[in-house]
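Encoded as structure tokens, the structure appears first; notes follow it.
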Amino acid sequence: MDDVTRPARLDAPPGAADIALLDITVLAGGPSDEREVSIASGSAIAAALSRIGHRVTVSDISPDNLTSLDRPADIVFIALHGAFGEDGQLQETLERRGITFTGTGAAASAIVMNKAKTKQRLIECGLPTPRFDVATHSRIVAAARRWRLPVIVKPVDSGSSVDTVIARDRHRFLHAVTAVVRKHSQAMIEELIEGPELTVGILGNRALPVIEIRTKREFYDYQAKYIDDDTEYLFDIDLPRELLRRIQTMSVQAATALECRDFCRVDWMVDAITHEPFILELNTIPGFTSHSLLPKAAAKAGIPFDELCQQIINLARQRARR
């Protein structure tokens with residue numbers, strides 16, 4: 001569908017008349033464990049795009065109900081986290097239908113959603129990531145024998161720290177691996193790096209300011225991410241400037257290597273003793289809630305929330321024209 005510049009709404013901000021105002025479908029909700037976060041992200045994105053003057057429809061979607069894609073739209077803004085929305089399934093459907101959408105394509109989304117495949121790609125590119133193993137039902141005992149504790153146990157293909165556990169004793173280790181395998185079919189066992197936790201948002205090909213995350217919990221879990229009000233997000237970080245610049249550079253390299261598009265987030269741990277940095281994972285559709293890190297980093301870089309959403313729309317449209 002051709003872009004048409006429509007008159008700005010009466011309540012639109014100054015300058016909106018110069019923007020190509022679009023019909024936009026924001027997809028939020030979905031079938032994953034991160035549904036509630038996705039709804040919050042989608043609502044915030046839709047409100048921002050509406051303030052600019054776009055005509056916005058927020059729609060839920062699932063593999064069994066794709067009717068929201070039948071509505072004509074200039075672009076689809078994907079705000080789905082987790083399975084179906086972030087693992088390439090939805091992106092494949094949109095690509096097949098020739099619909100312009102924000103974010104990473106189907107093939108790359110499938111790889112990034114799989115933590116093991118992501119880490120293998122990082123290793124191939126010479127980027128640092130903690131040692132890891134993948135346990136299935138038949139390999140739980142064998143995998144457990146190879147590891148000295150503590151370790152972190154997590155699903156291979158889930159986000160928001162859902163079902164993630166730090167195991168410091170053998171009983172908790174076996175219980176965690178068994179529980180994750182039972183629910184997700186595979187569990188990642190990962191070397192536990194203890195020290196500052198950092199994240200770097202990527203917008204286009206630009207690294208946004210580094211954020212340090214501090215939580216009073218054992219680690220930055222679901223509760224700390226979306227519910228706690230005492231989680232701290234710091235830009236004044238007590239680490240060498242050269243290290244922070246290197247982490248930004250490697251974040252862009254990681255996003256490029258994994259073919260992430262428009263926006264993403266790269267999560268890091270820094271060893272408290274050696275100051276060696278390690279990439280934990282990448283997120284192709286990071287949150288857009290009041291607690292979310294990409295919008296915080298963008299704001300620090302002088303990009304307000306509404307402008308951030310518009311820039312993502314612009315990046316997707318520019319790519320579609322090529």
Notebook entry, point to check: If you count the non-hydrogen atoms of other residues, nucleotides and ligands that lie under 6.0 Å from CG in Asp70, is the total more than 12?
Noted result: yes
Notebook entry, point to check: Phe263 vs Phe77 aromatic rings, parallel, tilted or perpendicular, using cut-offs 30° and 60°?
Noted result: tilted
Next item on the list: Decide yes or no for Leu149 and Arg170: does some side-chain heavy atom of the first lie under 4.5 Å from some side-chain heavy atom of the second?
Entry: yes
Checklist line | Passing option when Leu308 is tested against Ile313, Ile303, Leu208, Ile45 for side chain to side chain contact (heavy atoms under 4.5 Å, CB included) | finding: Ile303
Item checked: Ser38 side chain vs Glu34 backbone, donor-acceptor pair below 3.5 Å -> no
Next item on the list: Answer yes or no: is there a side-chain heavy-atom contact under 4.5 Å between Pro63 and Leu90?
Entry: no
Notebook entry, point to check: Does a salt bridge link Glu190 with Lys115, judged by any charged N lying under 4.0 Å from a carboxylate O?
Noted result: no
Checklist line | Over 12 non-hydrogen atoms of neighbours within 6.0 angstrom of CD in Gln253 | finding: yes
Check: Are any non-hydrogen side-chain atoms of Pro196 and Ile237 less than 4.5 angstrom apart?
Finding: no
Next item on the list: Any chance you could lay out the side chain to side chain contact (heavy atoms under 4.5 Å, CB included) test for Leu22 and Arg317, step after step, and finish with the verdict?
Entry: CA-CA 11 Å; Leu22 309 172; Arg317 292 176 64 227; 3.5 Å; yes
Margin query: Any non-hydrogen side-chain atom of Leu80 less than 4.5 Å from a side-chain atom of Ser32?
Written below: no
Next item on the list: With sequence neighbours left out, write down each residue that passes side chain to side chain contact (heavy atoms under 4.5 Å, CB included) with Ala116, or none if nothing qualifies.
Entry: Asn114, Phe132, Val134, Val156, Met188
Note to self: Given 3.5 Å as the limit, does a donor-acceptor pair link the side chain of Arg265 with the main chain of Val200, or not?
What the structure shows: no
Next item on the list: Under 4.5 Å between side-chain heavy atoms, chaining through other members, with only Ile, Leu, Val, Met, Phe, Trp and Tyr counted: pull out the rest of the cluster around Met269, sorted by chain and number.
Entry: Ile193, Phe278, Leu280
Check: If you measure from the Lys or Arg side-chain nitrogens to the Asp or Glu carboxylate oxygens, is any gap between Arg319 and Asp262 under 4.0 Å?
Finding: yes
Margin query: One pair to check against salt bridge (charged side-chain N to carboxylate O under 4.0 Å, His left out): Arg35 and Asp60. What are the steps and the verdict?
Written below: CA-CA 10 Å; Arg35 175 179 173 80; Asp60 206 333; 2.6 Å; yes
Next item on the list: Could you tell me whether the side chain of Leu203 reaches within less than 4.5 Å of the side chain of Leu315, counting heavy atoms only?
Entry: yes
Next item on the list: Check salt bridge (Lys or Arg N to Asp or Glu O under 4.0 Å) between Arg246 and all other residues, then give those that pass, not counting sequence neighbours.
Entry: none
Margin query: Listing request: all salt bridge (charged side-chain N to carboxylate O under 4.0 Å, His left out) pairs with a residue in residues 127-146, at least two apart in sequence or in separate chains.
Written below: Arg131-Glu191, Asp133-Arg139, Asp133-Arg146
Notebook entry, point to check: Does one side chain, of Asp306 or Gln310, offer a donor that lies under 3.5 Å from an acceptor on the other?
Noted result: no
Check: Considering residues at least two apart in sequence or located in another chain, which fulfil the side chain to side chain contact (heavy atoms under 4.5 Å, CB included) criterion with Arg71?
Finding: Asp23, Thr25, Thr57, Ala73
Next item on the list: Please check if the side chain of Ser109 supplies one atom and the backbone of Gly105 the other of a donor-acceptor pair under 3.5 Å.
Entry: yes
Checklist line | Pairing of Asp157 and Lys117 as salt bridge, 4.0 angstrom limit | finding: no
Notebook entry, point to check: Any link between Leu122 and Ile152 through a network of hydrophobic side chains (Ile, Leu, Val, Met, Phe, Trp, Tyr) touching at under 4.5 Å?
Noted result: no
Notebook entry, point to check: Got a sec, which residues hit side chain to side chain contact (heavy atoms under 4.5 Å, CB included) with Ala40, two or more places apart in sequence or on another chain?
Noted result: Thr289
Item checked: Whether over 12 other heavy atoms sit under 6.0 Å from His275 NE2 -> yes
Next item on the list: Please answer whether the main-chain N or O of Leu27 pairs with a side-chain N or O of Ser59 as donor and acceptor at a distance below 3.5 Å.
Entry: no
Margin query: Can a donor-acceptor pair be found, under 3.5 Å and without considering hydrogens, that links the side chain of His81 to the backbone of Ile285?
Written below: yes
Next item on the list: State whether a side-chain donor-acceptor pair under 3.5 Å links Gln311 with Glu307.
Entry: yes
Checklist line | Exam field: side chain Thr102 to backbone Ile78, donor-acceptor pair closer than 3.5 Å | finding: yes
